[in-house]
Amino acid sequence: MKSSPSTPAHPTHPLALLAVDGLLSDEERAIRDTVRAAADRELRPHVAGWFEAGEIPARELARTLGGLGVLGMHLEGYGCAGTSAVAYGLACMELEAVDSGLRSLVSVQGSLAMYAIWKHGSEEQKQRWLPKMAAGEYIGCFGLTEPDAGSDPGAMRTNAKRDGSDWVLNGTKMWITNGSVADVAVVWARTEEGVRGFLVPAGTPGFSAPEIKMKLSLRASVTAELVLEDVRLPADAMLPGARGLSGPLGCLNEARFGIVFGALGAARDCLETAISYARDRTVFARPLASYQLTQQKLADMSVELGKGMLLALHLGRLKDAGELTPEQISVGKLNNVREAIAVARECRTILGANGITLEYPVLRHANNLESVLTYEGTSEVHSLVIGKALTGEQAFR
């Protein structure tokens, strides 16, 4: 029986247009659905309030996320789940569908702080920190960016000097997610041997982490400055396996991979909201969804969401096969975040004035994505990474 103009057909979900679910394994779908259900039940009801207040219950959230098994979930051993890269990406997507700040907490914990210890740490360091970080009992942060060294980490001024068998660190790090609530900070500093990583426990004399307030983006996230004033650390605080900028940059690639999926979660949530709103909203005695201009917007956004999802899955399969390159990660981060923020902004137009309130998630997502567009490599930097791959020419300097 054909539907009449007055009886709309059952709507198709944007990702169903390209049958994306059929590209996932049963295990991947189960992990995705488990994270989605937990996020909808335990996080989504509170996130607008956290965003408005500019505060989150970080320790409670860490324990909740640790219990869910998503902290360092793509790492092997030490209490970590050891899932595939695609499964980790899907978890990031579901968390960012709630809020980019929540995915940021998980990314920094698992793909930056935990990964740095897992990849470059000694066995003693791994045993001390990773099991409790996986459980959410300890929180970690990653100190690379500085007030005058963002896109160019080679310009960092934080330094570590030997004093007998100890190290003494001085410097400042900026825009550090989880910083003021972290139990341990992975701090990168310049030494006579090149850039090295150090584990700085909270409470170490000379180390402080004042929180950054008055943010207009990532308000449901803890952001801090790290200040190191003659911070004395024992020799075994250094990460033995990391030497030079390749150490922190390799960690950043792990986090960027999660963003490739995560940004699509924010876009999907905006698009689902806009479609539902357009179907329910009556304008000039007709559903807003029935107008050609509205359908054009929804069609264009759904196409970009689907393309972004196919790209993310392709990169995830490459990563699981051990074949993913840094420039491929740059393609994913550049495209998917750029398209996600465009989707969020367009969805706001469909909601009209209602789109600016926290009753709906679209402008919250758009504001958050302004930060996601910048951190873990700006769009400009990723464009130059891709440009270098295409031309063989270095354009950073």
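Any value given below was found using the heavy atoms of this structure, including those in side chains, with hydrogens, waters and symmetry copies removed.
Put simply, the side chain of Ser383 gets close to the backbone of Ser379: a donor and an acceptor are under 3.5 Å apart. In this structure, Arg219 contributes its side chain and Phe51 its backbone to a donor-acceptor pair below 3.5 Å. Checked by atom type and distance alone, the side chain of Arg256 pairs as donor or acceptor with a backbone atom of Glu376 at under 3.5 Å. In terms of modelled atom types and a separation under 3.5 Å, the side chain of Ser104 and the main chain of Ser100 share a donor-acceptor contact. For the pair Ser217 (side chain) and Asn367 (backbone), a donor-acceptor distance under 3.5 Å is present.
Using a 4.0 Å cut-off between a side-chain N of Lys or Arg and a carboxylate O of Asp or Glu, Glu211 and Lys213 qualify as a salt bridge. Classification of Arg243 and Glu193 as a salt-bridged pair holds, one side-chain N sitting under 4.0 Å from a carboxylate O. A salt bridge does not link Arg268 with Glu96: none of the charged nitrogens is closer than 4.0 Å to a carboxylate oxygen. Residues Asp21 and Arg32 are paired through a salt bridge, judged by an N-O separation under 4.0 Å between the basic side chain and the carboxylate. Ion pair Glu146/Lys173 flagged as a salt bridge, since at least one NZ, NE, NH1 or NH2 atom sits closer than 4.0 Å to an Asp/Glu carboxylate oxygen. Between Glu254 and Lys319 there is a salt bridge, since a side-chain N of the basic residue sits under 4.0 Å from a carboxylate O of the acidic one.
Partner of Ile139 under the side-chain contact (heavy atoms from CB on, under 4.5 Å) criterion, chosen from Asp183, Val222, Leu71: Asp183. With Ile350 as the fixed residue, the side-chain contact (heavy atoms from CB on, under 4.5 Å) test singles out one of Thr273, Leu298, Leu271: Leu298.
A ring pair (Phe, Tyr, Trp, His ring centres under 6.0 Å) check over residues 349-397, counting only residues at least two apart or in different chains, returns the pairs Tyr277-Tyr360.
To the nearest 0.5 Å, atom CE of residue Met93 and atom CG of residue Asp269 are 11.5 Å apart.
Contacts of Glu339 classified as side-chain contact (heavy atoms from CB on, under 4.5 Å), with partners at least two apart in sequence or in another chain: Glu304, Asn335.
Counting only heavy atoms from C-beta outward, the side chains of Met301 and Cys347 approach each other to under 4.5 Å.
Leu61 and Val181 fall within the same hydrophobic cluster, where Ile, Leu, Val, Met, Phe, Trp and Tyr residues are linked whenever their side-chain heavy atoms come under 4.5 Å apart, directly or through other members.
Contact between Gly140 and Gln109 at its shortest, heavy atoms only, is N-OE1, 2.7 Å.
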